[in-house]
Amino acid sequence: MKNFEVAAIFNEIADLLEIKDENPFRIRAYRKAAQNIESLTQDVEEIAKKGTLKEIPGIGKDLAAKIEEIVKTGKLKFYRKLKSQFPGIILETMSIPSIGPKTAKLLYDKFKLKSIDQLERLARSHKICGLPGIKEKTEENILRGIELFKKGKERMPLGVALPIATEIINRFKSLPEIKKINYAGSLRRMKETIRDIDILITSSKPKRIMDAFVSLPRVKEILAHGETKSSILLKDGIQVDLRIVEPECFGAALLYFTGSKAHNIHLRKMANDLGYKISEYGIFKERTNKRVAGKEEVDIYKVLKLGFIPPELREDTGEIEMARKGKLPSLVKEDDILGDFHVHSEWSDGAHSLEEIREAAKKRGYKYVAITDHTKSLVVAGGLKESELKKQIKEIRKINKKSKGITLLAGTEMDILSDGRLDISDNVLAELDIVIAAIHTGFKQSKERLTKRIIGAMRNKYVHIIAHPTGRLMGTRDAYELDFEEIFKVAKDTNTALEINAFPQRLDLNDINSKRAKETGVTLALGTDSHTLDQLDNLGLGISVARRGWLEKKDILNTLPLQTLLKKISKK
DNA sequence: GCCGTTTTCGGCCCGACTGTTTTCAGTCG
């Protein structure tokens with residue numbers, strides 16, 4: 001039973017208890033526990049085996065016992081019993097915007113709902129009107145909610161949302177009426193998927209800004225158009241919310257809208273203990289209701305005696321405690337990165353020549369860039385044979401000789417074959433500067449076999465990095481299962497780095513696994529997996545994963561100057 | 001259901017908005 005599965009059960013229990021109108025704090029306890037389990041950097045099964053479940057924040061005697069039952073039997077009696085009291089359709093109805101537990105239960109009790117479609121028909125024929133507390137408006141809202149529900153609750157990858165938000169912000173930034181502008185929400189926290197884009201502004205001419213906002217070129221529909229808040233739906237289905245706030249509230253609003261919710265709740269509780277109250281308008285002295293800060297986020301943290309917490313860490317997974325002790329990590333920054341370890345050229349399935357890649361990387365200020373084309377077994381990608389690889393190495397050496405400022409590293413993205421063998425012989429690997437190895441076939445194999453393949457590759461003394469370790473492609477292919485404890489252990493022992501692949505659909509390793517790798521003492525390596533020059537820009541996505549994984553400069557291979565890097569990897 | 005250098009019981013984050021109501025419940029972020 002995996003962490004997210006246990007978390008899902010607890011979340012569903014919370015939903016069910018809400019329907020039962022249970023003690024809201026009990027419900028909160030389940031949600032809190034679910035959230036903490038999901039963000040654990042260890043398998044909850046392992047923790048259960050060690051008997052230290054109660055050390056997880058929000059897990060007490062009762063929940064620890066429930067987790068143990070789930071881990072041992074794969075089931076939870078309490079959950080099953082609870083679930084049997086309510087048909088699944090109630091939970092489904094609750095996921096419609098504007099319908100909460102009360103309405104869901106009311107609708108079910110009244111109509112014995114079987115499907116969302118049935119609910120839609122009832123609403124269209126005005127059968128819902130007249131139920132206690134429901135009139136035309138609510139009925140309309142339910143229909144609207146069903147529409148949104150059907151449109152898909154799916155979140156979009158960070159790599160899609162970020163350029164859209166940046167484009168909107170750049171468009172507004174230059175306007176003289178705008179004093180401050182920033183995106184907030186999960187986008188600012190750089191979560192790997194985003195539901196909608198929140199933008200915050202201070203302005204002397206709110207009305208003009210709002211008018212300009214709702215008439216942006218890509219608007220498909222205006223969902224709301226007010227003085228301080230407007231929402232639009234873009235043609236590609238993304239919702240963007242714009243809020244205008246007073247300058248003296250900007251920091252408080254930014255903090256509030258950036259979240260996460262759990263982070264905010266924790267801060268507010270701390271504030272209470274210190275005799276303050278936090279809202280989106282500022283932080284106030286409880287007794288006098290006097291605002292003591294609000295203009296800048298950092299001032300609010302200061303009142304709570306905390307250092308500034310970078311948005312990427314704001315998940316309430318220990319960052320507040322660390323800030324209190326003054327032990328926040330100094331997260332890796334874009335400037336720290338000196339090169340890209342994963343780039344394909346026209347020699348295999350990339351679009352550009354070695355010289356073009358060299359120039360593009362130089363323009364980005366890199367000191368080195370690794371050419372890592374596919375190897376022969378990956379026929380679809382035009383993988384290189386040993387002889388071609390040798391030819392490419394010569395070519396790279398030649399280019400390096402006649403040019404300065406940046407070094408091309410002769411590398412490869414070598415296939416780890418289905419049976420665990422490596423695609424290129426050791427004597428050729430020995431000639432390369434850097435070797436990354438990756439799985440591209442046999443994804444459906446057992447956890448044990450896949451783990452063994454990767455470990456086998458790591459034990460080869462020429463393999464420096466394992467690329468996209470879990471093979472996931474967001475929206476297309478799930479991560480395959482691996483025994484991470486084992487992989488991290490061997491990675492550390494063999495001095496092999498694990499990649500944070502910055503390709504937008506991959507982001508692999510992800511934030512949690514990166515954090516866990518760091519805790520085990522593993523080094524991480526950033527690579528864009530670029531096939532075209534503009535994809536080199538994706539490195540920023542990799543950095544945000546690294547930052548969400550609490551990684552510092554010292555945890556990342558790409559921060560080493562060329563000579564130090566070569567020395568380090570040659571020691572393997 | 002959790003939690004405790006003020007507590008083992010009595011607390012548990014905060015506000016807006018909406019739609020339905022005559023003071024508030026439900027939903028949301």
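These values consider heavy atoms only, across backbone and side chains, with no hydrogens, waters or symmetry-generated copies. Numbers restart at 1 for each chain; the letters A, B, ... are given by sequence-line order, proteins then strands. Predicted, not measured: the structure shown is a model, and the values here were computed from it.
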At under 4.0 Å between heavy atoms, how does the protein contact nucleotides 22-29 of chain B? Give one character per nucleotide, 5' to 3', with B, S or -.
----SSSB
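Between Lys50(A) and Gln42(A), the side chains place a donor N or O and an acceptor N or O closer than 3.5 Å (distance only, hydrogens not considered). Ser39(A) and Glu315(A) form no side-chain donor-acceptor contact under 3.5 Å, judged by distance and modelled atom types alone.
Here Lys269(A) does not reach the OP1 or OP2 of dC14(B): none of its side-chain N or O atoms lies under 4.0 Å away. Residue Asn272(A) places at least one side-chain N or O closer than 4.0 Å to OP1 or OP2 of dC14(B). Residue Lys277(A) has a polar side-chain atom (N or O) positioned under 4.0 Å from OP1 or OP2 of dG15(B). When the side-chain nitrogen and oxygen atoms of Lys135(A) are compared with OP1 and OP2 of dT18(B), none of them lie within a distance under 4.0 Å.
In this structure a side-chain-to-backbone donor-acceptor pair under 3.5 Å is present from Glu552(A) to Ser330(A). Between the side chain of Arg314(A) and the main chain of Ile309(A), a donor-acceptor pair closer than 3.5 Å is present.
Counting to the nearest Å, the P atom of dC14(B) and the CG atom of Asn289(A) are 12 Å from each other. Rounded to a whole Å, the NZ atom of Lys54(A) is 9 Å from the P atom of dC2(B). Following rounding to the nearest Å, Ile37(A) (CD1) and dG1(B) (P) show an atom-to-atom distance of 14 Å. Taking atom CD1 on Ile13(A) and atom P on dC2(B), their separation rounds to 12 Å, with Å as the unit. With rounding to whole Å, Leu53(A) atom CG is found 12 Å from dC2(B) atom P. dG1(B) atom C1' lies 7 Å from atom CZ of Arg26(A), rounded to whole Å. Between the NZ atom of Lys229(A) and the P atom of dG15(B) there is a distance of 18 Å, rounded to whole Å. Between Ile265(A) atom CD1 and dG11(B) atom P the separation is 20 Å, expressed in whole Å.
Nucleotides dG26(B) and dT20(B) are separated by 14 Å at their P atoms, to the nearest Å. Nucleotides dG1(B) and dT5(B) are separated by 24 Å at their C1' atoms, to the nearest Å. Across dT6(B) and dG11(B), the matching C1' atoms stand 13 Å from one another, rounded to whole Å. The same atom, P, is picked in dT27(B) and in dT21(B); the two are 15 Å apart, to the nearest Å. Taking the C1' atom of each, dC2(B) and dT7(B) are spaced 14 Å apart, rounded to whole Å. Using atom P as the reference point in both dT23(B) and dC28(B), the two lie 26 Å apart (nearest Å).
Using a 4.0 Å heavy-atom criterion, one finds that Ile278(A) contacts the sugar-phosphate atoms exclusively. At a threshold of 4.0 angstrom between heavy atoms, the contacts of Lys66(A) are confined to the sugar-phosphate backbone, with no base atom among them.
Taking the side chain as every heavy atom from C-beta outward, Phe213(A) and Val219(A) never approach each other to under 4.5 Å.
Relative orientation of the Tyr30(A) and Phe10(A) rings is perpendicular, given thresholds of 30° and 60° on the angle between their planes.
For Glu246(A), the side-chain hydrogen bond (donor to acceptor under 3.5 Å, both in side chains) criterion is met by no residue, not counting sequence neighbours.
The side chain of Thr138(A) has dT20(B) as its nearest neighbour among dC2(B), dT20(B), dG15(B).
A salt bridge does not link Lys302(A) to Glu296(A): none of the charged side-chain nitrogens sits closer than 4.0 Å to a carboxylate oxygen.
In this structure, dT8(B) makes no Watson-Crick or G-U wobble pair, since no nucleotide meets both defining distances under 3.5 angstrom.
For dG1(B), the base has a donor-acceptor partner in the side chain of Asn23(A) [N/O atoms by modelled type, under 3.5 angstrom].
Nearer to the 5' terminus of DNA chain B, by closest-nucleotide assignment, is the contact made by Lys61(A) (compared with the other of Asp273(A) and Lys61(A)). For Lys137(A) and Asn264(A), each mapped to the nucleotide of DNA chain B holding its nearest heavy atom, the one lying further toward the 5' end belongs to Asn264(A).
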Give the C-alpha distance, both sets of side-chain angles, the deciding distance and a yes or no for side chain to side chain donor-acceptor pair (under 3.5 Å) between Thr528(A) and Asn538(A).
CA-CA 6 Å; Thr528(A) 56; Asn538(A) 288 331; over 6 Å; no
